[in-house]
Amino acid sequence: MNRPSIFITTAIDYTNAPPHLGHAYEKILADCYARHYRQRGKAVFFLTGVDQHGQKVQQAASRAGIPPASYASQITELFRQLWQKLDISYDGWAETTHPTHKKVVQNILSQLLNQNDLYKAEHSGFYSVRQEQFLTDKERNEKGEFGPEWGEVIELVEENWYFRLSNYRQWLASFLDNHPDCVFPPFRSVELRNAINKTSGDLCISRPKSRLSWGIEFPFDNSFVTYVWFDALINYISFAGFRSDDPSEVSSFWSRWPALHIIGKDILVPAHGIYWLTMLKAIGFSDDQMPSFLVHGYINIAGEKMSKTLGNVVDPFRLSENYGAGALRYYLMAECICGQDMDFSTERLTLRYNSELANGLGNLLNRTANMVRRYRNGTLIRPPSPTPQANSLISQAIQTWQSVAASMDAFKPQEAIASIFSLVDSANKFAEAESPWKLAKDPTQSHRLDSALWAMALTSLHAASLLSPFLPNETQKIAAQLQSPLLTYSNHSSSQQDCFQFAEPQPVFPRIETNTTS
RNA sequence: GCCAAAGUAGCUCAGCGGUAGAGCAAGGGACUCAUAAGCCCUGGGUCGGGGGUUCGAAUCCCUCCUUUGGCACCA
């Protein structure tokens, strides 16, 4: 990540149902990356949003008895509220019903038609009237039949538009062979590579209006709307300035691109790994303009996949009300091995919050603040030559910045957090070793007392600054208590800080009491 | 079925050829600046089973077992 600008996207969420914890995890992950790279002085463009078109939205809307547009905008509002609650600092917001997006999608369709990448063909197959979709052999049960869950199944002949994906399959295979690091974690890259071999044929990118009207109309054939995936994937470029009428938008697009797409494991194959990459190739993106993917896992509840049918869907609104957005953000980032599934439990959340944030960092700050107020009237002046012990703690703090950056670049946020807390541990051990409360009793130890308190205060500031991408709100409160701005990558080692003026000590991370039933 | 990933202390995971590790949880101790927080000490897990390579394997190879995921038109 040596580029001066970073373009981060998340999947755009489908507006057929309210957000759940999995949606929240992905946005929190992306937000932590966006904030981390901003702290490193990069020009970050963080794009997220919602996917509003398609069959499922149309169905959900008709069940609710309202037009698809109203239904989509109601759900969209819920997502926006959640992101606000969780402090998601996105720079761009994608809504696929937006006219700008529609224009780019239609522009691309026309381009592909002109370069002979599209064709119209007839397809016949089994169609479920109830589910409003074509069925494949995958949907057959053990007896080779389509079960009752599909309702009436008829054979249907339909004309549609196809994208000549097969023209690009070979290119995609060799691209992935030459760029295996395009997908993280590595085994997902293998999975994608293997999937290409097993696929054949082209991609159907239209739906006849007779059965689906909620979509972007084909510019050259108004009896069809665009298949949702083809529509949705384009958000990554349409909302970033690609093919904008404003030339400065276009040039900022090219300074941002290529993107890091943060997505869930369920939509790598085929949507992003196959459709999106071949679409980009067809549109004219070169090999070194291809995006990369950070593929995360699922959040399970007691070992089981979250699903509406199991009735174990966790509501992120309620979680952030009960525990606070910070606690939720912290727990998800500290606990999850990026790329793997994780098991969610409020017990673990409470445990980690209490032991690391409350007892670790919170208490470090609080004990420091109290001693500075008690022994130094709340004002701490930088000692001209701190003791070697104090210097050693401070230099560990400075070194931690590098390890955090390295861990983040390696897509290991949990490792980054671990190294921040190893610094906090060192500071608490340092406090025991120096015992400022003993030094305070001996006037001849005044310099050593100043050094110790200084090192503790400065380390608290370093730890809070390093933690700020994960806990933007709470770390601001720490900064307020220290009455000092948070540090960044450009000033952390040469901070001009020469005084701490402590505000009234107040627990930033009050312990979550557990004896009450949750 | 095919292709992958994982199986290490109660829990979450690190180690990936050289005498089994971390954090949390559990037990004990000394202290008091602090959100009864922090600090110190302790805990002995056949590293999924079996076989092989090697002076030596959690670490390489084979095989079996268990769990999870992907295998295009549903987003």
Side-chain angles (χ1 to χ4, degrees), chain A residues 11-17 51 53-57 123 125 128 131-136 138-139 160 162-163 165 185-207 227-230 232 264-271 273-275 297-298 300 303 305 334-337 339-343 345 347-348 351-352 354-360 362-375 414-415 418 421-422 424-425 427-440 452-453 456 505-513:
Chain A
I12 52 174
D13 298 310
Y14 203 56
T15 52
N16 66 332
D51 180 6
H53 287 132
Q55 185 177 283
K56 291 265 168 97
V57 172
H123 168 76
S128 158
Q131 287 296 320
E132 300 183 21
Q133 61 175 269
F134 276 94
L135 303 176
T136 65
K138 225 169 69 177
E139 272 82 45
N160 268 307
Y162 288 81
F163 165 53
L165 195 154
F187 77 90
R188 294 277 171 215
S189 181
V190 175
E191 217 166 77
L192 171 58
R193 184 63 187 78
N194 291 337
I196 295 168
N197 296 337
K198 291 184 190 162
T199 63
S200 62
D202 292 325
L203 175 64
C204 177
I205 58 160
S206 71
R207 295 291 182 267
Y227 171 49
V228 261
W229 268 118
F230 192 91
K265 65 181 180 182
D266 52 329
I267 54 173
L268 175 66
V269 182
I274 298 179
Y275 301 163
Y298 282 157
N300 300 322
K305 198 182 288 186
E335 185 96 337
C336 189
I337 311 288
Q340 294 184 22
D341 287 2
M342 82 173 275
D343 212 56
S345 89
E347 289 76 20
R348 291 285 301 170
L351 215 58
R352 293 202 68 140
N354 279 345
S355 76
E356 286 152 30
L357 295 177
N359 300 350
N363 189 52
L364 171 67
L365 178 72
N366 202 235
R367 68 200 300 203
T368 306
N370 273 289
M371 287 190 280
V372 172
R373 287 177 77 83
R374 181 180 297 201
Y375 308 136
Q414 91 291 354
E415 192 182 85
F421 278 90
S422 127
V424 172
D425 281 350
N428 275 319
K429 286 181 173 68
F430 170 86
E432 300 300 325
E434 293 299 295
S435 300
W437 52 94
K438 288 178 190 160
L439 300 175
L453 293 177
M456 288 171 68
Q506 190 132 58
V508 176
F509 302 105
R511 285 178 62 85
I512 299 171
E513 296 309 331

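Below, all heavy atoms of this structure are taken into account, side chains as well, without hydrogens, waters or symmetry copies. Quick note on labels: first sequence line is chain A, next is B, and so on, each numbered from 1.
Base pairing of B:rC33: no nucleotide in any strand meets the Watson-Crick or G-U wobble criterion (both distances under 3.5 Å). Under the Watson-Crick and G-U wobble criteria, each requiring two contacts below 3.5 Å, nucleotide B:rA4 is paired to B:rU68. Both distances falling under 3.5 Å, in either a Watson-Crick or a G-U wobble arrangement, occur for no nucleotide opposite B:rA25.
No engagement by A:D13 is indicated, since no non-hydrogen atom pair under 4.0 Å with the nucleic acid exists. The residue A:A358 sits close to a base: some heavy atom pair falls under 4.0 Å. Note on A:L351: only backbone sugar-phosphate atoms sit closer than 4.0 angstrom, heavy atoms only; bases stay farther off. In this structure, A:R207 reaches the sugar-phosphate backbone alone: every heavy-atom distance under 4.0 Å involves primed, P, OP1 or OP2 atoms, never a base. When heavy atoms are screened at a 4.0 angstrom cut-off, A:G54 is found touching no nucleic acid atom at all.
Looking at which nucleotide of RNA chain B each of A:E356 and A:V190 is closest to, the 5′-most match is held by A:V190.
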What protein N or O atoms touch nucleotides 27-29 of chain B N or O atoms at under 3.5 angstrom, if any, and at what distances?
none

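Between A:D266 and A:Y298 there is a side-chain heavy-atom pair separated by less than 4.5 Å.
Counting distance only, with no hydrogens placed and no angle test, the side-chain atoms of A:N363 and the base atoms of B:rA34 include a donor-acceptor pair under 3.5 Å.
Between B:rG38 and B:rA4, the two P atoms lie 47 Å apart (nearest whole Å). A gap of 8 Å separates the C1' atoms of B:rG27 and B:rG43, to the nearest Å.
Between A:N359 and B:rG38 there is a side-chain polar atom (N or O) within less than 4.0 angstrom of OP1 or OP2. The phosphate of B:rA37 has OP1 or OP2 within less than 4.0 Å of a side-chain N or O from A:R511. Between A:Y227 and B:rA75 there is a side-chain polar atom (N or O) within less than 4.0 angstrom of OP1 or OP2. Residue A:R352 places no side-chain N or O under 4.0 Å from the OP1 or OP2 atom of B:rA25.
The two residues A:A232 and A:I12 make their nearest non-hydrogen contact at O-CD1, 3.8 Å.
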